[in-house]
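In what follows, chains are A, B, ... by sequence order, proteins preceding strands, each numbered from 1. Keep in mind the model is a prediction, meaning the values are calculated, not measured.
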Amino acid sequence: MEYISPEGLRLDGRRPLEMRQLHAQLGVVDKADGSAIFEMGNTKVIAAVYGPHEVQSKNQQLPDQALVRCEYSMANFSTGDRPRRSKGDRRATEISLVIRQTMEAAILTHLMPRTQIDIFVQVLQADGGTRAACINAATLAIADAGIPMCDLVTSCAAGYLNNMNYMEDSAGGPDVTVGLMTKMDKLTLLQMDSKLPMDIFETVMQLAIEGCKAIVRYIQNILLENTKQLEYQRGLRS
Amino acid sequence: MVGLSLGEKNFIQGGIAQDIRSDGRGRQHFRSFSIETGVIPQANGSARVRIGSTDVIASVKADLGKPSPYQPDQGKIEISVECSPIADPEFERRGGEQLSMELSLALQRTLLGGKSGAGAGIDLSTLKVVEGKTCWDLYIDGLVLSYDGNLLDALAIAIKAALSNTGIPKVEVVPAASPDQQADINISDDEFSYLDTSGVPVIVTLTKVGRHYIVDATLEEESQMSSAVSVAINRLGHICGLTKRGGAALDPSIILDMISVAQHVGQRLIMLVDSEIAAAEARMADDQP
C-alpha cells in the first residue's frame with residue numbers, strides 16, 4: 001500500500017511534513033472548573049479539569065504540593081470497529097500515567113499544597129495521535145481552569161511522516177511521541193515504537209518538536225482570543 | 001456537586017410549589033434543547049443533544065451478525081450507556097457504572113419492547129438480511145459528557161435522533177449454490193437505506209418534589225426529589241415503557257395523574273423533537289459539499 005503517492009501526497013492529501021488541521025475550543029463542559037475540546041484532523045478529544053479541591057482520601061494528601069490525578073477513557077464509538085473496552089485496561093492506564101506525569105511537570109503544584117487536581121480526558125474520535133491530542137487538550141483545560149503552569153506543554157507524534165493518522169500509524173513504521181515545554185524548550189515526554197537508526201531518530205524527533213511548536217502557536221492564539229472574550233464580558237475592553 | 005444549604009433547598013421546593021422554578025420555568029416546561037446529527041463520522045448514525053447543561057452523544061453502529069434462534073427473521077439492537085468522568089469526578093474508574101447500568105436498562109426496556117421483539121420502537125424485521133443466517137446488529141452507544149439533570153430524557157432524544165441519522169448499507173445477497181454453502185453478501189459502500197423511526201418513543205421524566213411534580217429537572221431539583229417516574233411516549237400517545245425511581249412510595253392515583261401529564265407533555269415534546277431532528281439533518285446536508 002502506498003503511503004506517499006508519486007506526486008508526493010499522503011493518503012489524506014497532505015505533504016509528508018505537513019500537520020493536520022487543528023481546532024480547539026475552551027469551556028465545553030459547564031460543570032468542570034476548566035475544559036477544552038481539541039481536534040487534530042479526525043482525532044477529537046475532550047479534557048475536563050476539576051480542581052484544585054480538597055483531597056478525597058486524606059492518606060494520599062501531599063503536605064507541600066497538589067496531588068495531580070488523571071484518567072483517560074475512550075468512547076466505545078471512537079474507533080472504526082467497536083471493541084468492548086473495559087475501563088481498567090492496560091493501554092488506558094499507561095496513557096493516564098503518561099498524561100499525569102507530563103502535566104505534573106508543568107503545573108506549579110507547590111502553590112497549592114494539600115489539594116487535588118483531577119484531569120479527565122475522553123476520546124470521542126481516534127484517528128492516530130490520541131496521546132498527543134490528549135496532552136494538548138489537557139493543557140488547554142488547565143489554562144481554562146486558571147491553574148498556574150510554568151509553561152504550556154504541547155505534544156505531537158511523528159514517524160517518517162509528521163502527525164500520522166490511524167492508517168499511517170498502523171503501517172508498522174516508527175512512531176515517536178514528544179511532549180515539549182515550549183518556552184523553556186525542554187522535553188517532558190518522549191516515547192517511541194518500533195525501531196529507527198540513530199541519525200534518522202534525531203530528524204524524526206526534530207520533526208515532532210516542530211509539530212509541537214506549531215501547535216503551541218495555535219494554542220496561544222486560542223487562549224488570547226478567550227481572554228479577550230472574557231475582558232469584553234466584564235466590560236474591561238470595549 | 002457542592003451540597004445545598006437549607007435556605008437553598010427551601011427556595012427550590014417553594015418555587016416548585018408556586019409553579020415558578022429557579023430558572024423561571026413552570027412545572028411542565030421543558031428546557032430548550034439543541035440537536036446536532038452526524039457528529040461521529042465513523043459511526044453509521046450519531047447525534048449530540050444538549051438540554052441546558054446536560055450534554056449527551058448517541059452513536060449507532062451496524063454490523064452483520066447472526067439472528068437469535070428464537071427470532072430468526074429479526075435483527076438485534078443493543079443499547080449501552082457510559083457516563084464519562086468528564087461529567088463528574090464521581091464517575092472516574094468504576095464510579096459511573098451503577099448509573100450507566102440503570103440508564104442502559106431503562107432505555108432498553110422502553111425502546112426494545114418485549115423478548116419477542118414485539119412493541120419495539122424500530123421494526124426489527126427490517127434488519128433481517130438472510131432469514132435464520134444473517135441480520136443487522138445495531139449497537140447503540142450513549143455517552144454522557146455533562147450532567148445537569150434529566151439524563152434519561154436527553155439520552156432518549158439523542159437515540160431517536162441518532163437512529164434517524166443511521167444509514168444501513170444496502171446489501172446484495174447472492175444465494176448459495178447449495179444448502180451447505182454460505183450465501184455471498186455484498187455490502188454496498190455508497191448506498192444506504194434509512195430506518196423508519198416514527199415509532200421510536202421519547203421519555204418524559206416526572207420528578208416529585210414535595211407535593212408537586214416537575215418535568216425536566218435540573219441537577220439541583222433532582223437532589224430534592226422524593227421519587228421520579230419516567231414514561232416513554234410514542235407519537236400515537238401510547239405508553240412504551242415505565243420506570244419508577246426513588247425510595248418514596250406513591251399513591252396509585254398520583255401515578256395515573258403523572259402518566260397523563262407525561263402523555264400530554266410527551267406528545268408536544270415528540271413533535272418538537274421530530275422538527276428539531278429534521279432541521280439538524282437539513283443543516284448537515286447544507287454543510288456537506
Consider only side-chain N and O atoms of Thr177(A) and Gln191(A), and report whether a donor and an acceptor are under 3.5 Å apart.
->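 No.
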Among side-chain atoms of Ser57(A) and Gln60(A), is any donor-acceptor pair under 3.5 angstrom?
->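 Side chains of Ser57(A) and Gln60(A): pair found under 3.5 Å.
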Residues of residues 41-51 of chain B within contact distance of chain A, non-hydrogen under 4.5 Å = Pro41(B), Gln42(B)
What residues of residues 148-169 of chain B sit under 4.5 Å from chain A when you count only heavy atoms?
-> none
Chain B contact via Asp118(A) - side chain, backbone, both or neither, heavy atoms under 4.5 Å | side chain
Portion of Phe77(A) that has a non-hydrogen atom of chain B nearer than 4.5 angstrom | both
Using a 4.5 Å cut-off on heavy atoms from C-beta on, say whether the side chain of Val45(A) contacts that of Leu124(A).
->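 Sidechains of Val45(A) and Leu124(A): no contact.
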Going by heavy atoms in the side chains, are Glu102(B) and Arg245(B) under 4.5 Å from each other?
->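 Counting from C-beta outward, Glu102(B) and Arg245(B) do come under 4.5 Å.
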Would you please classify the geometry between the Phe38(A) ring and the Tyr218(A) ring as parallel, tilted or perpendicular, with 30° and 60° separating the classes?
-> perpendicular
Of the listed Val121(A), Asp30(A), Ile119(A), Asp127(A), the one with the largest count of heavy-atom pairs under 4.5 Å with chain B is Asp30(A)
By a 4.5 Å heavy-atom criterion (distance strictly below it), what part of Val39(B) contacts chain A: side chain, backbone, both, or neither?
->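 Only the backbone of Val39(B) comes within 4.5 Å of chain A.
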Distance from Gln101(A) atom CD to Leu189(A) atom CG, nearest 0.5 Å?
-> 9.0 Å
